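Below is one structure, written out as structure tokens; comments come after it.
Just so it is clear, the structure is predicted and the values come from calculations on it, not from any experiment.
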Amino acid sequence: MSARNRLTSEPALPVGVPFALPSAAPTEAQKARSGGRSGAPWDGTTRLTGHPISLPAAEPLVPDRPRLIRPTSELVQLLTDRDLLVLKDLEQFRLLSTRHIQRLRFHQHANVASGTRTAVRILNRLEGHGLISRLSRRVGGSIRGSAANVWQLAATGERVLRRLSSETPRRRYVEPSPQFSRHTLAIAELATLLHEQARTGGVELLELQAEPDCWRQYTNAAGVAKWLKPDLYVVTADTQFESHAFVEVDLATEHLPAVLRKCLAYQRYWRTGIEQTTRDLFPAVVWVTPDETRARKLRTAIQDEPRLTTELFHVIPVNEALGVLAPDAPTPNTSKGGTT
């Protein structure tokens, strides 16, 4: 039987804790024992008399242990060349999964498992130095375990890169939205595929710019400064030809009118002639879709828009992207304002 308070038949309370018990109105005997003092009006409770209740002494506040903050110059000395490449990849693509980083920088290992273990160990070390941070959300699908973590550059990592290069921009590093994360990781996946394709030796990856490096500024017909914001700018080459492309990664989340507005922005930029003056051509505008069904919808919408020059645009499902962006065969060249 559990312990009971012998005075009230209620469960015993821990010693040293003040409490009040319900009670009937004080009897005449109780008034006599208290000397007949009326005191404050009765409020329906009465405190037990007898031994005073003792409260435990409050524990002294212990301040948080100070974090070890290393100066930027010391952090730079701790980093290997591969560490810096990982930081630069995160700066370029904004978000990368552990699997992306393994495929980009740890592909020389005997097998994927060995490369992943090494990548995880190094990523944990960089996180311990405060250089990178992992998102609370992980990659879904078939990826499990540590490979499903998603990483971004932390403010300390940015300071390190800025110390090494004055071109490193300042950014705010916050938890991105799920939609932004999915789109950014889809761009990173395509870029990783291009790097892997280039390693096979069949094609050379001459240039790959991510946002915001691939953005282009121009002035519209009204004299207002505008920005064209592709997801990627890609230049590949085989032994005879180069292929240039602005890439838009579509996740089938945008309504068709939004896609057409972006196409019209590309066409306005094409008509300025800026890119043709700089590079002697205008890159293909390549929309990469999740599947052929979405690709057909985009192709039909572009063809049905009378204001668009359809030759500027290519719409392909993601499983055909490498065949267009990093082809083994030459891509036909068109006239000024066309594609390569």
Side-chain angles (χ1 to χ4, degrees), residues 81-82 84-86 88-89 91-93 96 99-112 115 167 186-216 228 230-250 266-267 269-270 272-290 292 295 298-299 302 309-340:
D81 290 341
R82 187 160 60 176
L84 287 173
L85 289 175
V86 170
K88 290 177 180 178
D89 287 341
E91 178 192 21
Q92 181 181 22
F93 297 112
L96 290 172
R99 180 68 74 221
H100 287 141
I101 294 170
Q102 179 266 317
R103 289 161 61 191
L104 288 170
R105 299 303 173 189
F106 299 86
H107 53 85
Q108 306 94 336
H109 289 256
N111 51 59
V112 173
E167 297 180 358
I187 296 169
E189 173 65 18
L190 182 57
T192 302
L193 288 171
L194 288 166
H195 278 286
E196 290 174 330
Q197 180 83 341
R199 285 201 299 268
T200 66
V203 68
E204 187 176 358
L205 185 58
L206 299 181
E207 198 169 352
L208 193 152
Q209 296 177 348
E211 297 184 274
D213 295 334
C214 62
W215 294 355
R216 303 291 195 264
L228 181 72
D231 292 329
L232 289 172
Y233 174 71
V234 178
V235 181
T236 60
D238 58 17
T239 55
Q240 292 181 300
F241 294 90
E242 291 184 0
S243 298
H244 296 239
F246 290 126
V247 181
E248 291 286 342
V249 176
D250 173 76
Y266 276 106
Q267 183 158 293
Y269 180 61
W270 165 59
T272 66
I274 296 173
E275 200 76 16
Q276 297 92 312
T277 300
T278 304
R279 297 180 181 265
D280 295 327
L281 54 82
F282 191 82
V285 181
V286 180
W287 287 88
V288 179
T289 65
E292 179 59 32
L298 264 62
R299 289 190 203 109
I302 291 171
T309 303
T310 57
E311 292 80 6
L312 289 174
F313 306 99
H314 297 260
V315 184
I316 53 173
V318 66
N319 61 326
E320 299 177 13
L322 291 182
V324 173
L325 298 174
D328 294 329
T331 304
N333 192 7
T334 62
S335 59
K336 180 178 179 181
T339 61
T340 30

Here the pair of heavy atoms bringing Gly115 nearest to Gln102 is C-CG, 3.7 Å
When you measure from the side chain of Ser243 to the backbone of Thr236, do you find a donor-acceptor pair of N or O atoms at a distance under 3.5 Å? no
Reported CG-to-CD1 distance for the pair Asp231 and Ile187, which is rounded to 0.5 angstrom: 3.5 Å
Within this structure, what is the NE2-NE2 distance for the pair His109 and His107, rounded to the nearest 0.5 Å? 9.5 Å
For residues Val324 and Pro327, report the shortest heavy-atom separation together with the two atoms involved. O-CD, 3.4 Å
So how far is it from Leu85 CG to Leu104 CG, rounded to the nearest 0.5 Å? 10.0 Å
Find the distance between CG (Asp89) and NE2 (His195) and round it off to the nearest 0.5 Å. 7.0 Å
Identify the two heavy atoms, one from Ala237 and one from Glu242, that lie closest to each other, and give their separation to 0.1 Å. CB-CG, 3.9 Å
Got a sec, which pairs hit salt bridge (Lys or Arg N to Asp or Glu O under 4.0 Å) with one end in residues 196-209, sequence neighbours left out? Arg103-Glu196, Glu207-Arg279
Val234 vs Leu190, test: side chain to side chain contact (heavy atoms under 4.5 Å, CB included). Steps then yes/no. CA-CA 11 Å; Val234 178; Leu190 182 57; over 6 Å; no
Main-chain N/O of Val315 paired with Arg299 side-chain donor or acceptor, under 3.5 Å: yes
Out of curiosity, Thr278 OG1 to Gln276 CD, how far, rounded to the nearest 0.5 Å? 8.5 Å
Taking all non-hydrogen atoms of both residues into account, name the closest pair between Thr272 and Tyr269 and its distance. OG1-O, 2.5 Å
Does some side-chain heavy atom of Gln197 sit less than 4.5 Å from a side-chain heavy atom of Leu205? no
Residues in ring pair (Phe, Tyr, Trp, His ring centres under 6.0 Å) with Phe106, at least two apart? none
Can you see which heavy atom on Ile316 is nearest to which on Ala321, and at what distance? CD1-CA, 3.4 Å
Do the ring planes of Phe282 and Phe246 sit parallel (below 30°), tilted (30 to 60°) or perpendicular (above 60°)? perpendicular
Contact check, side chains of Arg216 and Ile274, non-hydrogen atoms, under 4.5 Å: no
Does any N or O in the side chain of Gln92 come within less than 3.5 Å of the main-chain N or O of Asp213, such that one atom is a donor and the other an acceptor? no
Identify the two heavy atoms, one from Cys214 and one from Gln209, that lie closest to each other, and give their separation to 0.1 Å. CA-OE1, 3.4 Å
Apply side chain to side chain contact (heavy atoms under 4.5 Å, CB included) to the pair Leu232 and Leu208, showing each step before the final yes or no. CA-CA 7 Å; Leu232 289 172; Leu208 193 152; 3.9 Å; yes
Parallel, tilted or perpendicular for Tyr266 and Phe313, by the 30°/60° rule? perpendicular
In Å, rounded to the nearest 0.5 Å, how long is the span from CD1 of Ile302 to OG1 of Thr309? 11.5 Å
Check whether any side-chain heavy atom of Val247 lies under 4.5 Å from a side-chain heavy atom of Pro230, and answer yes or no. no
